[in-house]
Amino acid sequence: MRLATWNINSVRLRMPIIAQFTESHKPDVLCLQETKVEDSKFPLEDIKSLGYEHVIFRGMKGYNGVAILSRLPLTDTGSRDWAGKEDCRHLAVDVDGKFELHNFYVPAGGDEPNPEVNEKFDHKLRFVDEMRDWFKSDRKASTPMVLVGDLNIAPLENDVWSHKQLLKIVSHTPIEVEKLTAVQNGLKWVDAVRAKIPEPEKVYSWWSYRSRDWQAANKGRRLDHVWVTAPLADKVTGVDIVKDARGWEKPSDHVPVIVDFDL
DNA sequence: ATGGTCGGTTGCCGA
């Protein structure tokens, strides 16, 4: 079983590269974030024509939005709102009775890493705190679960191009890393990508648009994650960061992150 | 220290 997560930055504009990716890498399940489309305008038929018969999506006009495309049956198991906003940042589904899958788009948090003056950063911190509390109180570490998405936090030193230079940059501040680590510790989630590609190797899934040459500068960050609970940890057979996708025609600023399972 | 580029509720806001 091949699972992928990809912040697509407008699902309608990216249909050509979604087709390119699904044809070249053939994921069984593809989780998208930042679809930026209300449900009535979601390109459902185009996606079904790529071979994904089972599709669940929650979107809003212009902002946020998440979707799961699957070749296997999906059942909604409690997609919900977080941090007091109805802003379409989460889906929870059962994948064919095999595992529970959570697809998240965590708030980016704005530029100023101070919750006293920046409401967006405060929202991000409250969102991650709520993830910690919800998974701790309601879930069991013995349940086969996968958590994916654009978590908008690069937790490890080698998840960014310069640890020292990004300590005060939103996505890599100590307070964000601490809170994300608390989510991870609650259910003893295993970071599937880092289990296969340990530090100190640099791993990035996002490169800013604001660069003349993203490849030459290579100032990336690992913002997109795949976590699994203990029952699935030894079933991960491989991971792939599809860096090529950053150079495709009309790219997203994020690239797909793939995890293969032997279930 | 600054500015750079995308997408869409476009001539701004969020990322």
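Here is the naming used below: chain letters follow the sequence lines, and residue numbers restart at 1 for every chain. Worth saying up front: this structure is predicted, and the values here are computed from it rather than measured. The analysis underlying the following values was restricted to heavy atoms, covering all of them including side chains, and did not include hydrogens, waters or symmetry mates.
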Inset, instruction - Sugar-phosphate atoms are those with a prime plus P, OP1 and OP2; base atoms are the rest. Using that split, label each nucleotide of nucleotides 4-9 of chain B B, S or - for protein heavy atoms under 4.0 Å, 5' to 3'. - result: BBSSSB
Inset, instruction - Please determine if A:Asp129 and A:Arg126 form a salt bridge, counting it only when a charged side-chain N lies under 4.0 Å from a carboxylate O. - result: no
Legend entry - Pairwise C1' distance, B:dA1 and B:dC13 [rounded to whole Å]: 24 Å
Inset, instruction - Only one of A:Gln33, A:Met131, A:His123, A:Arg89 passes side chain to side chain contact (heavy atoms under 4.5 Å, CB included) with A:Val106; say which it is. - result: A:Met131
Under 3.5 Å, sequence neighbours excluded: what are the donor-acceptor pairs made by side chains of residues 249-261 of chain A?
unit_1, atom_1, unit_2, atom_2, d
A:Ser252, OG, A:Asn7, O, 2.6
A:Ser252, OG, A:His254, N, 3.0
A:Ser252, OG, A:His254, O, 3.4
A:Asp253, OD2, A:Trp206, NE1, 3.2
A:His254, ND1, A:Asp224, OD1, 3.3
A:His254, ND1, A:Asp224, OD2, 2.8
A:Asp260, OD1, A:Arg2, NE, 2.7
A:Asp260, OD2, A:Arg2, NH2, 2.9

Legend entry - Sidechain-backbone polar pair: A:Ser49 side chain, A:Asp46 backbone, donor-acceptor under 3.5 Å: yes
Inset, instruction - Go through the side-chain N and O atoms of A:Asn158 and A:Glu201 and say whether any donor and acceptor fall under 3.5 Å apart. - result: no
Inset, instruction - Could you give the distance separating B:dG14 and B:dT10 at their P atoms, to the nearest angstrom? - result: 14 Å
Legend entry - Pairwise P distance for B:dG8 and B:dG4, with rounding to whole Å: 22 Å
Inset, instruction - Could you work out the complete set of other residues in the hydrophobic cluster of A:Leu13, with links drawn between I, L, V, M, F, W and Y side chains under 4.5 Å apart? - result: none
Legend entry - Under the side-chain contact (heavy atoms from CB on, under 4.5 Å) test, residues paired with A:Ile169 that sit two or more places apart: A:Leu166, A:Arg221
Inset, instruction - Rounded to whole angstrom, note down the P distance from B:dT5 over to B:dT9. - result: 22 Å
Inset, instruction - Could you check how far CG of A:Asp111 sits from P of B:dG3, rounded to whole Å? - result: 13 Å
Inset, instruction - For DNA chain B, find the residues of residues 119-132 of chain A with a heavy-atom distance under 4.0 Å and give them by number; none if there aren't any. - result: A:Lys120
Inset, instruction - Measure the distance from CG on A:Asn64 to P on B:dA15 and round it to the nearest whole Å. - result: 7 Å
Inset, instruction - Could you tell me whether A:Lys202 atom NZ has more than 12 heavy atoms of other residues or ligands within 6.0 Å of it? - result: yes
List the atom pairs, donor and acceptor, that lie under 3.5 Å between side-chain atoms in residues 182-189 of chain A and the rest of the protein, sequence neighbours left out.
unit_1, atom_1, unit_2, atom_2, d
A:Asn185, ND2, A:Thr181, O, 3.4

Inset, instruction - Let me know the distance between CG of A:Asn7 and C1' of B:dG14, rounded to the nearest Å. - result: 12 Å
Inset, instruction - Using the P atoms only, state how far B:dG7 lies from B:dG3, rounded to an integer number of Å. - result: 23 Å
Legend entry - For atom CG of A:Asp87 and atom C1' of B:dC13, their distance in whole Å: 16 Å
